[in-house]
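Have a look at the structure below before the remarks.
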Amino acid sequence: MPRAGVPHEFQDFLDTGNLGDDGFLEVYESAIQGEPLKVVVTVTRNAAGQAQDLAVLHRPRNSLLLFSRLMHKKFAGTPLAGRFLSDEP
C-alpha cells in the first residue's frame with residue numbers, strides 16, 4: 001500500500017528489518033506513472049529508539065526525476081517545494 005502523499009502506484013516490499021543495533025532497512029519495488037522504481041530506505045535510530053537519520057535511494061534515474069517533479073508540484077507554494085526538481089529552468 002503506498003504511503004499517503006507519495007505518488008507510488010504500489011509498493012512491493014522485497015526486504016525489511018533491522019540494520020545493525022540502531023537501524024532499519026526496507027527495499028521495495030514500485031512504479032510512478034508506469035515507470036519502474038526501486039527504492040532502498042535506511043533509518044538510523046537514536047538512543048530513545050526514535051528515527052534520527054533517514055536515507056532514501058531511488059533508481060533508475062529517470063524515475064527519480066519524475067518522482068521529484070511530481071513532488072515539486074504537490075508541494076508548490078510551500079517551503080518543501082524547493083527540495084524537489086522543478087520543470088522550470
Side-chain angles (χ1 to χ4, degrees):
M1 182 69 149
R3 291 187 173 109
V6 179
H8 296 138
E9 295 171 11
F10 61 89
Q11 289 178 300
D12 288 339
F13 286 87
L14 305 174
D15 194 11
T16 61
N18 289 324
L19 183 62
D21 293 334
D22 61 353
F24 184 80
L25 170 78
E26 64 182 32
V27 180
Y28 62 90
E29 293 178 339
S30 186
I32 297 176
Q33 294 185 348
E35 295 294 324
L37 183 68
K38 191 165 210 173
V39 182
V40 178
V41 179
T42 60
V43 179
T44 303
R45 298 182 192 104
N46 62 21
Q50 301 167 322
Q52 179 173 320
D53 295 305
L54 174 73
V56 182
L57 172 71
H58 293 84
R59 289 289 184 261
R61 184 175 182 264
N62 63 325
S63 297
L64 164 65
L65 295 174
L66 174 60
F67 172 81
S68 187
R69 287 185 177 102
L70 291 172
M71 295 303 284
H72 184 273
K73 288 177 186 174
K74 176 179 179 54
F75 292 110
T78 73
L80 289 176
R83 297 184 182 265
F84 299 99
L85 182 65
S86 169
D87 287 329
E88 301 166 7

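We use all heavy atoms of the structure for the numbers below, so side chains are in, but hydrogens, waters and symmetry mates are not.
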Legend entry - Linked, directly or transitively: L85 and L70 (ILVMFWY side chains, under 4.5 Å): no

Inset, instruction - For R69, check salt bridge (charged side-chain N to carboxylate O under 4.0 Å, His left out) against everything at least two apart and list the hits. - result: D87

Legend entry - Heavy-atom donor-acceptor pair, E29 side chain to L14 backbone, under 3.5 Å: no

Inset, instruction - Look at the rings of Y28 and F13 and say which category their plane angle falls in: under 30° parallel, 30 to 60° tilted, over 60° perpendicular. - result: tilted

Inset, instruction - Please check if L65 and I32 belong to a single hydrophobic cluster, counting links between Ile, Leu, Val, Met, Phe, Trp and Tyr side chain heavy atoms closer than 4.5 Å. - result: no

Legend entry - Verdict with reasoning, F24 to T16, per side chain to side chain contact (heavy atoms under 4.5 Å, CB included): CA-CA 7 Å; F24 184 80; T16 61; 4.0 Å; yes

Inset, instruction - Please check if V27 and F10 belong to a single hydrophobic cluster, counting links between Ile, Leu, Val, Met, Phe, Trp and Tyr side chain heavy atoms closer than 4.5 Å. - result: no

Inset, instruction - State, with a plain yes or no, whether a side-chain heavy atom of K73 is found less than 4.5 Å away from one of F84. - result: no

Legend entry - Check: E9 side chain, Q33 main-chain N or O, donor-acceptor pair, under 3.5 Å: yes

Inset, instruction - Return the set of residues passing side chain to side chain contact (heavy atoms under 4.5 Å, CB included) with D21 (not counting sequence neighbours), or none when no residue passes. - result: none

Can I get a per-line list of side-chain donor-acceptor pairs under 3.5 Å for residues 36-52, giving both atom names and the distance, sequence neighbours left out?
residue	atom	partner	partner atom	Å
R45	NH1	G23	O	3.2
R45	NH2	N18	OD1	3.3
N46	OD1	A48	N	3.0
N46	OD1	G49	N	3.1
N46	OD1	Q50	N	2.9
N46	ND2	Q50	OE1	3.4

Inset, instruction - Taking all non-hydrogen atoms of both residues into account, name the closest pair between L64 and H58 and its distance. - result: CD1-CB, 3.8 Å

